[in-house]
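Below is one structure, written out as structure tokens, with a few remarks after it.
Proteins come first, then strands; the chains are lettered A, B, ... in the order of their sequence lines, and each starts at number 1.
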There are 2 protein chains.
Amino acid sequence: MDTVRTVVGALPRPGLRERKKQQTRDALVRAALDLIVTRGYDGTTVDDIAAAVDVSQRTFFRYFASKEEVALFVPGLAEQRITEAVRARPRDEAPLEALRRAVLDSWDAIGEAVGRLVPMELHMRVYRVIESTPALLAAHLRRSAELEEELAAIIAAREGVDVDSDPRPRILVAAFGGVIRVAERLWSAGDDLSEEALRELMRTCLDHVGPALAANWRTDASLNRPHET
Amino acid sequence: MDTVRTVVGALPRPGLRERKKQQTRDALVRAALDLIVTRGYDGTTVDDIAAAVDVSQRTFFRYFASKEEVALFVPGLAEQRITEAVRARPRDEAPLEALRRAVLDSWDAIGEAVGRLVPMELHMRVYRVIESTPALLAAHLRRSAELEEELAAIIAAREGVDVDSDPRPRILVAAFGGVIRVAERLWSAGDDLSEEALRELMRTCLDHVGPALAANWRTDASLNRPHET
DNA sequence: GAGGCTAGTGTCAGCCGCTGACACTTGACA
DNA sequence: TGTCAAGTGTCAGCGGCTGACACTAGCCTC
């Protein structure tokens with residue numbers, strides 16, 4: 001904690017030690033995801049992962065607090081980009097619109113950040129495992145809840161309201177998050193695991209929020225359904 | 001599986017054996033919740049719970065698949081009542097309204113079902129532990145996701161749409177579920193742990209869905225805020 | 001009411017996730 | 001070059017959870 005602090009954070013010169021650390025961590029992530037998509041989450045032990053990178057189990061746990069954490073590391077990168085994107089939205093945008101655009105526009109940034117660490121296809125396959133593995137899904141949802149908390153704070157600040165006395169930021173984000181999760185779920189259950197498919201699903205899901213909350217589905221149903229599937 | 005099947009399900013005569021089972025299970029739940037609220041979730045081992053009921057650890061795991069399950073057993077009862085209530089709503093109600101009324105109106109049924117098993121206050125205190133214990137919160141969220149899936153199917157059936165081709169049921173339920181969770185969270189973080197407080201929070205949160213999704217908060221903000229807290 | 005049948009239980013052994021303690025190695029920096 | 005701290009391996013141990021197997025106790029039939 002009382003370490004020598006580099007001036008700008010760590011950007012200027014990684015340092016040999018630091019580079020090695022980064023390297024092992026990345027290797028652990030890659031090995032973990034590889035094993036997980038082939039043998040399944042429960043079929044992969046931490047010992048397997050550690051052995052694949054030739055470190056001890058103890059070392060694994062110095063990098064990741066749990067087996068879940070390593071599996072959700074890459075999604076975590078994506079979440080980071082999204083919060084950044086929300087923060088960067090112009091303040092005159094409506095809150096819901098800001099969230100919407102942030103998610104839809106950060107695709108490239110996410111792809112780049114993820115691709116630097118693991119092949120994109122691997123990441124996609126991991127999502128399927130997440131959705132179909134109870135323990136992993138639970139952890140993912142909890143993390144999503146934390147993300148929502150963070151987004152609520154950002155939205156509140158943007159709109160100049162107090163996040164504790166005005167429930168709207170949290171409510172908006174919760175509803176939004178729920179919809180995003182539906183898109184994730186539909187995507188991981190479907191056949192087309194491409195990025196475009198996910199992006200398109202998110203777009204259509206968000207388009208359906210209004211109609212879904214509408215008073216009566218039966219009258220205006222066919223009207224607000226752009227195209228099926 | 002090829003057991004002798006009682007005609008009506010199990011209602012007519014519980015049978016001595018069956019009664020004993022019910023009894024141990026209830027005792028396990030009660031002991032578990034007692035321990036959990038006093039020593040915390042992580043501070044309570046399955047051995048502790050089993051010992052308190054004077055059964056072996058192995059037996060505990062024959063009743064509950066995991067430590068989480070016993071902690072979330074009572075919330076599970078509440079969820080059951082809610083799905084029943086949704087199913088019972090008149091079909092001419094708008095979907096969102098049906099969900100809303102189902103939740104707000106099943107309070108008595110929930111109270112009765114819960115009270116038969118554990119003191120209401122204990123149940124309330126458990127909620128606080130759930131929200132503040134990562135592992136437990138994760139499990140809770142996963143179960144909520146399952147509940148949402150079930151509710152989506154009910155809504156879809158009600159509205160005569162196909163849950164797999166029309167995303168609206170899932171989206172509606174996801175948004176609704178998100179809002180309910182916000183209420184739960186605010187409640188468990190607040191001072192007033194009464195049922196009325198939770199109910200009131202849910203009501204106001206649901207009232208805020210429209211405004212929260214509205215285009216611009218700054219113009220109509222003060223307008224749609226009934227009362228603070 | 002004695003018999004067999006089966007559901008439920010306890011015991012035991014063991015895997016796996018995860019942690020604290022301690023000794024050792026290796027990059028950093030004077 | 002020598003000192004210091006950061007990072008690692010080893011070991012021992014706890015707690016959640018499971019399969020196997022033997023035992024006990026309700027149930028049902030004759």
Quickly work out the [X] [atom1] to [N] [atom2] distance and round it to whole Å.
X	N	atom1	atom2	value
B:Glu18	D:dA25	CD	P	19 Å
A:Arg25	D:dA6	CZ	C1'	16 Å
B:Gln22	C:dG8	CD	C1'	15 Å
B:Tyr41	D:dG16	OH	P	8 Å
A:Lys20	C:dT25	NZ	P	14 Å

Check [Y] with [X], please: is the shortest side-chain N to carboxylate O separation under 4.0 Å?
X	Y	value
A:Arg181	A:Glu131	yes
B:Glu200	B:Arg203	yes
A:Glu84	A:Arg87	no
B:Arg170	B:Asp164	yes
A:Glu149	B:Arg185	yes
B:Arg199	B:Glu195	no

Do side-chain atoms of A:Thr45 reach the backbone of A:Asp48 as a donor and acceptor pair under 3.5 angstrom?
yes
Residue-level proximity of residues 49-73 of chain A to DNA chain C when a heavy atom falls under 4.0 Å:
A:Gln57, A:Arg58, A:Phe61, A:Ala65, A:Ser66, A:Lys67
Of residues 127-142 of chain A, the positions that come close to DNA chain C - non-hydrogen atoms, cut-off under 4.0 Å:
none
So how far is it from B:Glu148 CD to B:Ile180 CD1, rounded to the nearest 0.5 Å?
10.0 Å
Nearest 0.5 Å please: distance from the OG atom of B:Ser132 over to the CG atom of B:Leu137.
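Rounded to the nearest 0.5 Å, the OG-CG separation comes out at 9.0 Å.
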Contact check, residues 26-40 of chain A vs DNA chain D, heavy-atom distance under 4.0 Å, returns none
May I ask you to verify whether the side chain of A:Arg17 and the base of C:dA28 hold a donor-acceptor pair under 3.5 Å?
no
Under 30°, 30 to 60°, or over 60°: which ring-plane class applies to A:Phe64 and A:Phe60, parallel, tilted or perpendicular?
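It falls in the tilted class, 30° to 60°.
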Decide side chain to side chain contact (heavy atoms under 4.5 Å, CB included) for A:Arg168 and A:Ile171; before the verdict, give the C-alpha distance in whole Å, the side-chain angles of both, and the deciding distance to 0.1 Å.
CA-CA 5 Å; A:Arg168 288 178 302 167; A:Ile171 289 176; 5.5 Å; no
Does A:Lys21 put a side-chain nitrogen or oxygen below 4.0 Å from OP1 or OP2 of D:dG7?
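A:Lys21 to D:dG7 OP1/OP2: side-chain N or O found under 4.0 Å.
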